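As structure tokens, the structure follows; a few thoughts come after it.
In what follows, every heavy atom counts, from backbone to side chain, and hydrogens, waters and symmetry copies are set aside. The structure displayed is predicted, hence computed values, not measured ones.
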Amino acid sequence: MKKYDITNGYYSVYGTLTAIVVILAACLSLPVVLPLGESFWDTYIYIDGAHRLSLGQEIYRDFHAPVGPLNYILFGLLSAAFPDANVVLVIQWSLMLLTLPVVAVICHHALERGAIAAFGLLLPYLMVSILPFNIMSWNAFPGVDGFAYYNRHSAVLLYLLVATLFFVRGRAALIGLVSVLLLTLAFTKINGFAVAGLMLAFAAVSRRIGIATSAIIAALCLSVAAVLEVLTGSVSAYLGSVLRLLANNDAVLVANLFTTVSARFDVIFAASLFAAYLLASRFWGAGNLLVAFDHDHPRKPRPNRLDQDWLWLGVMIVADILFESQNFGGAAFVSVWPFLLVLLLATAPERRTRLSPLVVLIALVVLPTITKMLHSTARAVATSVRDVSIATRNLPESMRFSAKALTVDAARKARPILVGGRETYQAYADANILPAYWLYFDHRFQVTVLETMDEAIGALRDREARLGRHYEVIDVRDFANPITAVMGRTPARGVSIGGDPFRAVLPLTDEEAQALSQTDIVLLPTCPVTTARKKLLADYARAYEGFEQIELTDCFDALEHPRYATQ
């Protein structure tokens with residue numbers, strides 16, 4: 001390995017990292033208004049989940065969630081430090097509380113190969129970690145993507161895992177980083193952990209990681225899980241919830257694989273072509289690029305013949321297809337990027353500077369994701385200059401958003417149509433179809449959700465003041481319940497947040513129904529009535545027997561506990 005002075009790139013790499021941290025902290029300290037985007041549901045899940053944990057509710061016992069608890073814990077920590085920061089930025093950047101130290105260690109080891117290697121890992125990490133945008137969009141208007149945060153987070157963790165496998169050569173650092181990343185993946189979203197397991201299994205089989213090292217990593221992860229289980233019982237509860245969700249979704253897993261291949265065909269085809277090229281190059285006399293990458297490093301691994309560049313790329317393609325099939329909308333195939341950097345660094349310098357097939361194929365794999373993400377960012381920044389703020393009186397500074405004037409105006413004009421046409425929308429719900437196929441991706445609909453939620457909070461407070469009541473335990477029969485967090489009240493226990501009734505809502509047990517029956521008031525959004533909202537209410541209806549239905553606002557009905565009928 002050519003001798004490289006780490007100090008040549010040390011200050012530039014860590015100076016960049018420090019500057020980014022300062023800039024992000026400044027953004028979190030300012031009242032940033034972001035352009036509202038499509039499908040903002042996951043934003044409300046984080047608010048709901050973190051609030052429940054802050055009140056002492058136990059995840060997977062008092063409430064169910066479609067993802068791991070670490071999402072809400074990190075969001076709660078960062079939002080406590082920056083209470084007025086825009087909630088989208090807090091959610092998007094919360095994982096960096098863990099990944100910044102990880103990437104700092106990885107860059108330290110990558111600097112052994114030069115500043116280009118370190119920056120080649122750092123800059124893509126920063127792009128995917130910082131920008132709150134997905135690769136796919138279903139709306140022509142730009143805006144931040146308030147959904148699939150945990151998908152983007154898992155993609156970043158897989159990216160760092162691959163970078164660790166190939167760039168970190170110190171045994172203690174390798175064991176520590178892989179263990180941290182595995183545990184973080186496990187408690188962020190379980191399918192990301194499963195995909196990481198596939199990659200690590202091949203690393204062990206090919207001896208990229210030694211047997212002893214693999215055993216130590218497994219022992220560490222199992223020990224941490226065992227301690228958490230003994231102290232909190234959360235691990236078994238989490239696994240039980242995952243198994244119940246899998247049982248509810250096993251019929252769609254194969255269909256999702258086909259959807260992934262069609263949606264990500266550009267990247268999958270280019271990556272598959274690249275793997276075929278690497279395999280064919282053996283017959284043309286070219287060597288294994290991983291051998292060249294490891295050749296002159298003082299701490300090179302001792303892999304076996306399975307440690308082939310084309311085999312590794314093939315394993316990553318399969319792993320990413322499996323990952324993306326359960327993570328629509330996230331960062332497509334970014335976990336393969338550190339491996340592509342390995343192949344580029346292993347290539348002779350003169351081949352890197354000309355348009356060789358290897359360079360072209362790397363570009364074809366990487367550029368679709370980069371250009372889509374940067375394009376979404378540029379459009380959102382450029383067009384938001386002319387946006388108008390969405391007027392809300394009861395929502396906190398952290399939930400301030402903007403939208404195009406025509407979108408806000410259209411939402412206002414559509415409001416009486418939604419209210420007056422309730423029977424029509426009820427008929428759509430009865431037919432199990434949406435009034436518009438892309439309803440949830442319509443910015444106008446998301447503006448309506450935000451404004452009607454704000455009005456419901458005001459109406460609740462007015463009703464309490466007028467009738468001398470206090471609704472402490474509040475439920476919202478919708479995807480999530482951020483209203484209790486905003487009002488500082490107690491969310492009902494026994495519910496599934498992230499309440500997609502066709503995928504993520506678990507059957508109500510008798511104990512959960514009993515807990516829900518103590519709810520003071522249940523809010524029912526009606527602008528418009530949809531199949532999902534109708535089914536959510538039906539799934540929980542037996543817990544609300546005897547509740548009195550009232551009209552809270554023109555877009556919210558409510559079910560009030562029978563105890564208030566005697567007051």
Pairs satisfying ring-ring contact (aromatic ring centres under 6.0 Å, His included), at least one member in residues 204-232, at least two apart |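 ring-ring contact (aromatic ring centres under 6.0 Å, His included) check on residues 204-232 returns no pairs.
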Please set out all donor-acceptor pairs under 3.5 angstrom arising from side-chain atoms of residues 180-188, sequence neighbours excluded.
| from | atom 1 | to | atom 2 | distance (Å) |
| --- | --- | --- | --- | --- |
| Thr184 | OG1 | Val180 | O | 2.7 |
| Thr188 | OG1 | Thr184 | O | 2.6 |

Under 3.5 Å, which donor-acceptor pairs link side chains of residues 198-206 to any protein atom two or more places apart or in another chain?
| from | atom 1 | to | atom 2 | distance (Å) |
| --- | --- | --- | --- | --- |
| Ser206 | OG | Phe202 | O | 2.8 |
| Ser206 | OG | Ala203 | O | 3.4 |

Give every residue pair that meets the side-chain hydrogen bond (donor to acceptor under 3.5 Å, both in side chains) criterion with at least one member in residues 355-374, sequence neighbours excluded.
->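 Residue pairs with at least one partner in residues 355-374: Asp266-Lys372.
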Return each pair, listed once, that meets side-chain hydrogen bond (donor to acceptor under 3.5 Å, both in side chains) where at least one residue sits in residues 216-231; pairs must be two or more places apart or across chains.
->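 Qualifying pairs, neighbours excluded: Glu229-Ser236.
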Would you mind checking if Asp309 and Arg282 are paired as a salt bridge, meaning a charged N to carboxylate O distance below 4.0 Å?
->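 Judged by the 4.0 Å cut-off on N to carboxylate O distance, Arg282 and Asp309 do form a salt bridge.
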Which pairs of donor and acceptor atoms, one on a side chain in residues 15-23, lie under 3.5 Å apart (sequence neighbours left out)?
| from | atom 1 | to | atom 2 | distance (Å) |
| --- | --- | --- | --- | --- |
| Thr16 | OG1 | Ser12 | O | 2.7 |
| Thr18 | OG1 | Tyr14 | O | 2.8 |

Does [X] have any ring-ring contact (aromatic ring centres under 6.0 Å, His included) partners at least two apart in sequence or in another chain, and if so, which?
X	answer
Phe82	none
Phe167	Phe293
Phe333	none

By salt bridge (charged side-chain N to carboxylate O under 4.0 Å, His left out) - contacts of Arg379 (at least two apart) =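 Per chain and number, Arg379 pairs via salt bridge (charged side-chain N to carboxylate O under 4.0 Å, His left out) with no residue.
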Would you mind writing out the side-chain donor-acceptor pairs for residues 310-323 within the sub-3.5 Å range, not counting sequence neighbours?
| from | atom 1 | to | atom 2 | distance (Å) |
| --- | --- | --- | --- | --- |
| Trp312 | NE1 | Asp307 | OD1 | 2.8 |
| Asp320 | OD1 | Ser335 | OG | 2.9 |
| Asp320 | OD2 | Ser335 | OG | 2.9 |

What pairs of residues pass the salt bridge (Lys or Arg N to Asp or Glu O under 4.0 Å) test when at least one of them lies in residues 64-74, not counting sequence neighbours?
->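 Salt bridge (Lys or Arg N to Asp or Glu O under 4.0 Å) check on residues 64-74 returns no pairs.
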